Amino acid sequence: MTINTLAKGGWHRDQMACFRKMEKVIVAMQDPDMGMKMRNQRLLITVIPHAMTGRDVINWLMQKYNMCEEEALHLGGMLVRYGYIYPLKEPRSLVLRADESPYRFQTPYFWTSTRWPATELDYAIYLAKKNIRKQGELMEYEKERYSVLHKRINHTWDFVVMQAREQLRASKQRRKADRIVLECQEQAYWLINRPPVSLTLSTFRIYFIAHFVCVCVCVCTFCLCLQIEFCRRALGRNRVKSSICLEGFVKYSEQYLSHDPIMQGCLPSNPWISDDTAHWTMNTEVRVPIPSRLRVERWSFSFMELLNDAMGRREFMTYLEKEFSAENLCFWQACEDIRHGENSRIVEKVEEVYKNFLAPGAARWVNIDSKTMDKTLKGIQHPHRFVMDDAQMHIYFLMKKDSFPRYLKSDLYKNMLAKAIVPQEVKKSVFPFMRRQRHSSPSPVPTLAQPAPVSDARAEKPERVDLPSSIVCVGHHSNHRKGSSAFTEFKARTSLST
Amino acid sequence: MRSPPIPEMATQEVQLSETLAHLKTESDTLKGKLEEERAKLHDVELHQVAEKVEGLGQFVMKTRRTLKGHGNKVLCMDWCKDKRRIVSSSQDGKVIVWDAFTTNKEHAVTMPCTWVMACAYAPSGCAVACGGLDNKCSVYPLSLDKNENLAAKKKSVAMHTNYLSACSFTNSDMQILTSSGDGTCALWDVESGQLLQSFHGHAADVLCLDLAPSETGNTFVSGGCDKKANVWDMRSGQCIQSFETHESDINNSSEADREVAIYSKESIIFGVSSVDFSLSGRLLFGGYNDYTINVWDVLKGTRVSILFGHENRVSTLRVSPDGTAFCTGSWDHTLRTWA
């Protein structure tokens, strides 16, 4: 008659893993040598053996796992919430108190992992027992559930009552201390599995309805063929030793350490901590007159870093113009535009690129090796998103191997580095109560008056659309006003509270 | 044991099972070879390489902003490239765009479905994408016009046959990458809603994805319920690499041929729901189901710090684009920015 247990397989396996971990901790706590020291606790006039205080639990956790009190409280709290330790005083309050409050270990028979899910029938028997024993003194929510169950499983009600009576009779034959212990354990179990307000256990339940769908791997010929294909390809791939790969990672991490605001702070200050947006203003995409030192240094880390920074890209373009090889960067940008742009404009863009960069006698002809050129020209007959890939790659590596290292040695770069500012550190204000006013910034979204910035089909402008700087200058104040009135309207309409 | 009614079927069955057995042997042999090759190159462990690296000192990170306003569990969030705005989605079907610095709400959209499990900010900052149980990914261009109903301009881009678990814009506003409970990932053209590329290979729900831009073209990694993390080539749709790992589902993926290190501690009981690296890659932040955030030293493999604050499970975690802070969303209906 029990309700079907989807339990231990499928989507409960996450919870099972957690329970197993908690049980490891519990078992360690009860270890005769290294575990906790137990003592007898008095509950009213009865003495309960093998109990401990909340303070004991916390101290043991702190010592065993080398953690601070806050974390021990947190972990211990979890053990109580999931029923592995239950409080003797105030059993309905499932919290761990760091004082002399007495607690006991729950018996494995009643562990959530061993008896899951808690069945309706068992719950009915428990409530029936309580009803008989305390002569109808169930709590409100228990009364409600009792009557619901009575209706629902009415056909087995005789069985329920009979079981309840039997269990009560058996328990009367036990020693008083044992009986109280068993009652406590059972009560604790049901407080966890049928809590008064069902919110607490919602984490047990289907916390992600989506997780329901877990398709089993079916071994069929198709799957196997795919796997074989995959393995063959994988064996053919180039591989690199772990040591090289890991050392690369360590180097990367060290190189970027000073650029990591969380690790080393940022100048003049971290806006989130000091409420001062100077750091952001100094490092905006393009419009800042003099960049910061760290930013300019970062351009030297790799070619990709230089190109990813709009200002860096602009500087590099200036350099290339001096060298009469600016068409390379323009070509590269145009190809990026094709790769990441709208489907509908691919054909038109490919045409443009061919006309400007690849056609014989083109105004900004790029120097590609003949093999790649032939392949590209053939591909252009049927233009698609990746038709320029080979040519773009060729030019990219050309710039990377040749122009980029020379740029880093050039006066242009060195001057930029010398000019670059190192902002003064601004410490947080001495008076913690004087919070700086947090200014809002103009939204990247275009206003009504101004249409969204149209990205130029030609490759002079950088691919990535910057925060529309024109709007920064022109519409700043009006944006701010619009923004705040939009917000008031919005607040009224959607009634979200701040 | 049932017996086939027709004799021909019996022979067919035998043939099929023979082919199956043969294929299985071949597959196993190849897998074995692959493992051998990988093992040959595994000459050192991460902690050995990291021995000469200095250890980290004490870390003090606190909640700097708390964003309140969602009516139910926050499921996903993403940063805008301007380093201060974020978009978040929740179980009540609302998608909100905040200026996290001032904690002001700037835009809000109500989705027709609940459980909006995925949301993403467009690189230009002019649009957001979101989806969930509606099996779709929709793009909403943002507007400052107070009379405009954002939902009116909505563009339905992706269509899956099951729930949408994650979405991300690639290098521009024009393309979006999605992963779904139907076991596939897909790349879409935003303007036309056309499917550009689909990625098959997961045996179960795909729960997360992350982009890995590189010089030679774009790849991304996806993780799923089949305990596999696959690396894909966006152009060809092929799976370049596959990692089998973990005892449980992969809820989050962040970029790194083999499992290099496992970050765990005996006292950490609950699973991690979301991870992200700090800018230098030295720190790994994990949002856990026991409401805390653990900060790991990636190189040394030790836990640097534990952060408390949320009152329910941490469901999503992302570091800001310039690395100055990270933001977490939680089932306690709030988002917090930490620095």
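Side chains included, hydrogens not; waters and symmetry mates left out as well; all remaining heavy atoms used. Worth saying up front: this structure is predicted, and the values here are computed from it rather than measured. We name chains A, B, ... by the order of the sequence lines, and we start the count at 1 in each one.
- Residue Glu71(A) comes nearest to Phe308(B) through the heavy atom pair CA-CZ, 3.7 Å, listed as atom of the first residue, atom of the second, then distance.
- Proximity to chain A (any heavy atom under 4.5 Å) is shown, for Ala127(B), by neither the backbone nor the side chain.
- Heavy-atom distances place the side chain of Met78(A), and not its backbone, under 4.5 Å from chain B.
- With His259(A) contributing its side chain and Gly323(B) its backbone, the two residues share no donor-acceptor pair below 3.5 Å.
- For the atom pair NE2 of His340(A) and OG1 of Thr170(B), the computed distance is 6.5 Å after rounding to the nearest 0.5 Å.
- Across Ser440(A) and Asp99(B), no two heavy atoms sit closer than the pair CA-OD2, 4.1 Å.
- For Leu56(B), the part lying near chain A is the side chain, with the backbone staying farther off; criterion is any non-hydrogen pair under 4.5 Å.
- Note that the OG atom of Ser253(A) and the CG atom of Leu299(B) stand 4.5 Å from one another [nearest 0.5 Å].
- With a 4.5 Å cut-off on non-hydrogen atoms, Arg85(B) touches chain A through its side chain but not through its backbone.
- Here the side chains of Ile262(A) and Arg282(B) are not in contact, with every heavy-atom distance at 4.5 Å or above.
- Looking at residues two or more places apart in sequence or on another chain, you find a side-chain hydrogen bond (donor to acceptor under 3.5 Å, both in side chains) between Trp188(B) and Thr178(B).
- Residues Trp280(A) and Asp322(B) have side chains that bring a donor and an acceptor to within less than 3.5 angstrom of each other.
- At a 4.5 Å heavy-atom cutoff, the contact between Phe101(B) and chain A is made by backbone and side-chain atoms alike.
- Of all heavy-atom pairs spanning Glu191(B) and Asn343(A), the tightest one is OE1-N, 4.4 Å.
- Only the side chain of Tyr396(A) comes within contact range of chain B, with at least one heavy atom under 4.5 Å from a heavy atom of that chain.
- Listed by chain and number, the residues in a salt bridge (charged side-chain N to carboxylate O under 4.0 Å, His left out) with Glu70(A) amount to none (sequence neighbours excluded).
- Ranking Ala325(B), Ser165(B), Pro141(B) against chain A, the residue ahead of the rest is Ala325(B), based on heavy-atom pairs under 4.5 Å.
- Both the backbone and the side chain of Trp272(A) come within less than 4.5 Å of a heavy atom in chain B.
- Of the two parts of Phe169(B), neither the backbone nor the side chain holds a non-hydrogen atom closer than 4.5 Å to a non-hydrogen atom of chain A.
- For Thr324(B), the parts lying near chain A are the backbone and the side chain together; criterion is any non-hydrogen pair under 4.5 Å.
- With chain A as partner, the option from Asp189(B), Thr102(B), Asn218(B), Leu196(B) having the largest number of non-hydrogen pairs under 4.5 angstrom is Asp189(B).
- In summary, the side chains of Arg339(A) and Ser172(B) do not present any donor paired with an acceptor at a separation below 3.5 Å, with no hydrogens or angles considered.
- The contact between Ile306(B) and chain A is made entirely by side chain atoms (from C-beta outward), counting heavy-atom distances below 4.5 Å.
- Among Gln392(A), Arg385(A), Glu247(A), the residue with the largest count of heavy-atom pairs under 4.5 Å with chain B is Arg385(A).
- Interface residue Asn270(A): only side-chain heavy atoms are found under 4.5 Å from chain B.
- Residues Asp260(A) and Ser278(B) bring a donor and an acceptor atom of their side chains to less than 3.5 Å of each other.
- No other option in Met61(B), Gln238(B), Glu54(B) has as many heavy-atom pairs under 4.5 Å with chain A as Gln238(B).
- Under 4.0 Å is where a charged nitrogen must lie from a carboxylate oxygen, and between Arg235(B) and Asp389(A) at least one such pair does.
- Considering every non-hydrogen atom in both Cys126(B) and Pro444(A), the closest pair reads SG-O, 3.6 Å.
- With respect to chain A, the highest number of heavy-atom pairs below 4.5 Å among Gln194(B), Arg65(B), Lys33(B) belongs to Arg65(B).
- Between Glu254(A) and Lys52(B) there is no salt bridge, since no side-chain N of the basic residue sits under 4.0 Å from a carboxylate O of the acidic one.
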